[in-house]
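Reviewing the structure listed below.
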Protein chains: 2
Amino acid sequence: MKRGTSRDIRTANRYEVLRQIIAASPTSRQELAAATGLSLATVATLVGELLDLRMITEVGFEDSAGGRPRGLVAVNASGGALIGVDIAETYVHVELFDLGLNVLARAEEDVRPGESLPEQVVGHVAAAVGSVVAQAGIEGARVLGVGVSVPGQVDRATGFSEYAPNWDWHDVPLLDLLTEHIAYPLYLDNPLRASAVAELWFGAARGSGDAVVVNLGTGVGAGLVLGGGLHRGVSNSAGEWGHTTIVLDGRLCRCGKHGCVEAYVGASGIMLTLRELSADSPLLHPEDQTATIDALARGLRGRDPVALKVLRDTVRYLGAGIADLVNLFNPEVVVLSSWVAAALGEPLVTEVREAVARHALPRPMAATEVVLSPIPTDPVCLGAATFALEGALQSVGQRQPKRTAAHVRSRTAPPS
Amino acid sequence: MKRGTSRDIRTANRYEVLRQIIAASPTSRQELAAATGLSLATVATLVGELLDLRMITEVGFEDSAGGRPRGLVAVNASGGALIGVDIAETYVHVELFDLGLNVLARAEEDVRPGESLPEQVVGHVAAAVGSVVAQAGIEGARVLGVGVSVPGQVDRATGFSEYAPNWDWHDVPLLDLLTEHIAYPLYLDNPLRASAVAELWFGAARGSGDAVVVNLGTGVGAGLVLGGGLHRGVSNSAGEWGHTTIVLDGRLCRCGKHGCVEAYVGASGIMLTLRELSADSPLLHPEDQTATIDALARGLRGRDPVALKVLRDTVRYLGAGIADLVNLFNPEVVVLSSWVAAALGEPLVTEVREAVARHALPRPMAATEVVLSPIPTDPVCLGAATFALEGALQSVGQRQPKRTAAHVRSRTAPPS
DNA sequence: AGGGGTTAGGAAAGGGGGTTTACGAAGTCT
DNA sequence: AGACTTCGTAAACCCCCTTTCCTAACCCCT
């Protein structure tokens, strides 16, 4: 069991202060102290560190009721760039961010079904990363790091993709492969945790001690924020919620089991529900999940009865599943994230809220909010970039190696 | 969000050292340092603190390969007593422990169906507590605290039992009621968390960063140990796993919903499974859960086909449910606890292990063990007593109020 | 019996972290 | 210009753990 050291406190506080600055830029030290609960002195030293790192800059002053004006600090947008890579089943999506986590450049490469060899995927990543750097006209030196999200289980220590369900990858040394093409510091993890970190830093989980980020996409998962930090589990695979059994002996899931949550509320599960309900529905675009979900979303806005029924059926499962998470974790907030949630939007949350309230125990439920992710862009890219940001911030605390006191040893010729 | 302070580190280390001493008493400072990963100096000061508290004593020496002998310390059994109270649906069970957490006295009171008013239950508790103190012949002053476990949701801050499902209690000021009868420091929580803490301190979760303690009794729940500590959630109701939906529209549960885990793997769920399978089975003792489960356990030992079938059916649900927990938390260990698990014993774990391995994802599963609770006595009493122990240790860190420097003020009459 | 050698354990120093207190800096108000 | 206010840094302080140094306590050997 790893014990916590006092340095972890410092790191957490540094994160917290930077989060706050990014969220409310520009801001004053006073405001930061109030928001973080730290003392003014601590905030001042942390702000000093971030200024030294050129991650933030002083941007003027603000009147203070009659006294010395407050100095304002803001994110130093040009102080560096972060790259987030979202490797998914059918595409590689790359975004380049400034330090305010604004998107400066985007690139997307399609991964065709035949091209799923690790080398091919890495090729796409390298090309897209090259592209965003070129687009943004950034000098390479300013890229602080590249976060890479890859589906499945990832071992962060070794940089192996232990298992990627869609491509049947097993123990691929992904980090090594990427290192050959990309010269920036690399941080590897999976989309579940990426979007959870994105919510933790910039989204609906900011400031929450405990939050559950429910990812609704092609795959389904739950990023767990516990005690103000990401819960990884003992082998970095916590959060695999998609294959939770919700209907014993139910629908066959692509994982081979029956009745998984994902088989009902994942994109293809929703498509199946639609097909079962109305096989020739105009909403249905076989072979195209995105189009179908978009059509469904339009249908909901137009109060199309089939679309409403599909939503209701889906939420029947989703609501029960999320209620289980609420009972189990008793979180402050449940965030619905990923592209299916973004597409279905308000109608989805409204239904989910109601269903969860019906299924969950009253007491935990009373303390929990269910919200849509407020992140406007791809949360996985943002989260991946956040891993890079955390990495860059982590290395601040590192003490430089001690000077070897060589001269002390030279006693062979003592002074007379 | 509460920030961690450096004092929390100290508290955690104090816990860790005491845990280790209790587990391997007598032991040396050297051994403690090795086991906890702390430096010798830190261990020495912590041991010093515990000696000052009279929680441990020096009990002699041990040869060290040729040098100064190691001093040995052991729990000071007579240094104090802890009381654990397990309030359950039909009984109040109280145990008095020495500081080595050995049971010195027991008392049990039956709570008859009509007697479920808070005052009546509190009366039983007070009587039983009085009884164990008398039995053990302990002076009152030596009781360091009383931990009380009460089913349902408990607000530790206010000492209210917010909701107790079996008795329809709502917002009962239980702590206040208990305080009127019991003069010792009181610590209130629920059985789920009590048995989780018991495993964390003395059972199978010792030294685990992440563990799930699955409680199989009349009720069903999961105590969550995350990051080496108990996870409580935002309103102290995390771990409500019993009412997780495992069969959509399945069996009616006493909570009013359908298809809850508890409806299948709780004691009465198991009884129902048995009744459905063989309504006139000799194993079945209607109206008596304990007798039925015991009969079932005997049946398993005798390889009775009906008993085996009941076990297999139960594990079908339980295995799926636990597999979900494994996927979600990726814990180091899953502990099966509470009286049903204890009664069914090895046959149960063996089946569960197999079922979980079948249902869970391979990667999280590879890192997880499924074990039976090694705690021989009532884990809820033990856990409740542990809350009292933690409470007693907590107050160590409290700084005594600063001496008011009164003499400094008396400048009115300065010395000539 | 009286030195080495070895190991345990305590005391002091050192490096982190956060907070409180004191004070100079930089404005406004009279 | 001087008084008042408020910001922000510097210094002192407390807590935590570790490293280093030194003494205590025992063995063995001469």
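So that the names make sense, note that chain A is the first sequence line, chain B the second, and so on, each numbered from 1.
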Does [X] place a side-chain N or O at less than 4.0 Å from the phosphate oxygens OP1/OP2 of [N]?
{"X": "B:Ser6", "N": "D:dC16", "answer": "no"}
{"X": "B:Asn13", "N": "D:dC16", "answer": "no"}
{"X": "A:Ser64", "N": "D:dT6", "answer": "no"}
{"X": "A:Arg29", "N": "D:dC7", "answer": "no"}

Can you tell me how far [atom2] of [N] sits from [atom1] of [X], to the nearest Å?
{"X": "A:Leu40", "N": "C:dG18", "atom1": "CG", "atom2": "P", "answer": "14 Å"}
{"X": "A:Asp8", "N": "C:dG17", "atom1": "CG", "atom2": "C1'", "answer": "11 Å"}
{"X": "A:Glu16", "N": "C:dG18", "atom1": "CD", "atom2": "P", "answer": "13 Å"}
{"X": "A:Arg10", "N": "D:dC17", "atom1": "CZ", "atom2": "P", "answer": "18 Å"}
{"X": "B:Glu49", "N": "D:dC17", "atom1": "CD", "atom2": "C1'", "answer": "13 Å"}

### Query
Taking for each residue the nucleotide of DNA chain C with the nearest heavy atom, is it A:Val43 or A:Asp63 whose nucleotide lies nearer the 5' end?
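Nearest nucleotide further toward 5': that of A:Val43.
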Between [options], which nucleotide gets closest to the side-chain atoms of [X]?
{"X": "B:Pro69", "options": "D:dC26, C:dG9, D:dT18", "value": "D:dC26"}
{"X": "A:Gln30", "options": "C:dT7, D:dC7, D:dT18", "value": "D:dC7"}
{"X": "A:Ile9", "options": "C:dG18, D:dT18, D:dC17", "value": "C:dG18"}
{"X": "A:Arg68", "options": "C:dG18, D:dT19, D:dG8", "value": "D:dG8"}
{"X": "B:Arg7", "options": "D:dC16, C:dT7, D:dT18", "value": "D:dC16"}
{"X": "A:Ala65", "options": "D:dT6, C:dG18, D:dG8", "value": "D:dT6"}
{"X": "B:Arg70", "options": "C:dT7, D:dC16, C:dT19", "value": "C:dT7"}
{"X": "B:Thr42", "options": "D:dT6, C:dG17, D:dT18", "value": "D:dT18"}
{"X": "B:Ala41", "options": "C:dA11, C:dG9, D:dC16", "value": "C:dA11"}

### Task
Assess whether atom CD of A:Glu369 is packed by more than 12 heavy atoms of other residues, nucleotides or ligands within 6.0 Å.
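For A:Glu369, atom CD is not crowded (no more than 12 foreign heavy atoms under 6.0 Å).
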Taking the side chain as everything from C-beta on, heavy atoms only, tell me whether [X] gets closer than 4.5 Å to [Y].
{"X": "A:Leu192", "Y": "A:Val213", "answer": "no"}
{"X": "B:Val73", "Y": "B:Thr57", "answer": "no"}
{"X": "A:Leu40", "Y": "A:Gln30", "answer": "yes"}

### Message
Which label fits B:Tyr15 and B:Trp201: parallel for a plane angle under 30°, tilted from 30 to 60°, or perpendicular past 60°?
### Response
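Aromatic pair B:Tyr15/B:Trp201 classed tilted.
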### Task
Describe the nucleic acid contact of B:Gly71 in one word from base, sugar-phosphate, nothing, applying a heavy-atom distance below 4.0 Å.
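Since only primed, P, OP1 and OP2 atoms lie under 4.0 Å of B:Gly71, the category is sugar-phosphate.
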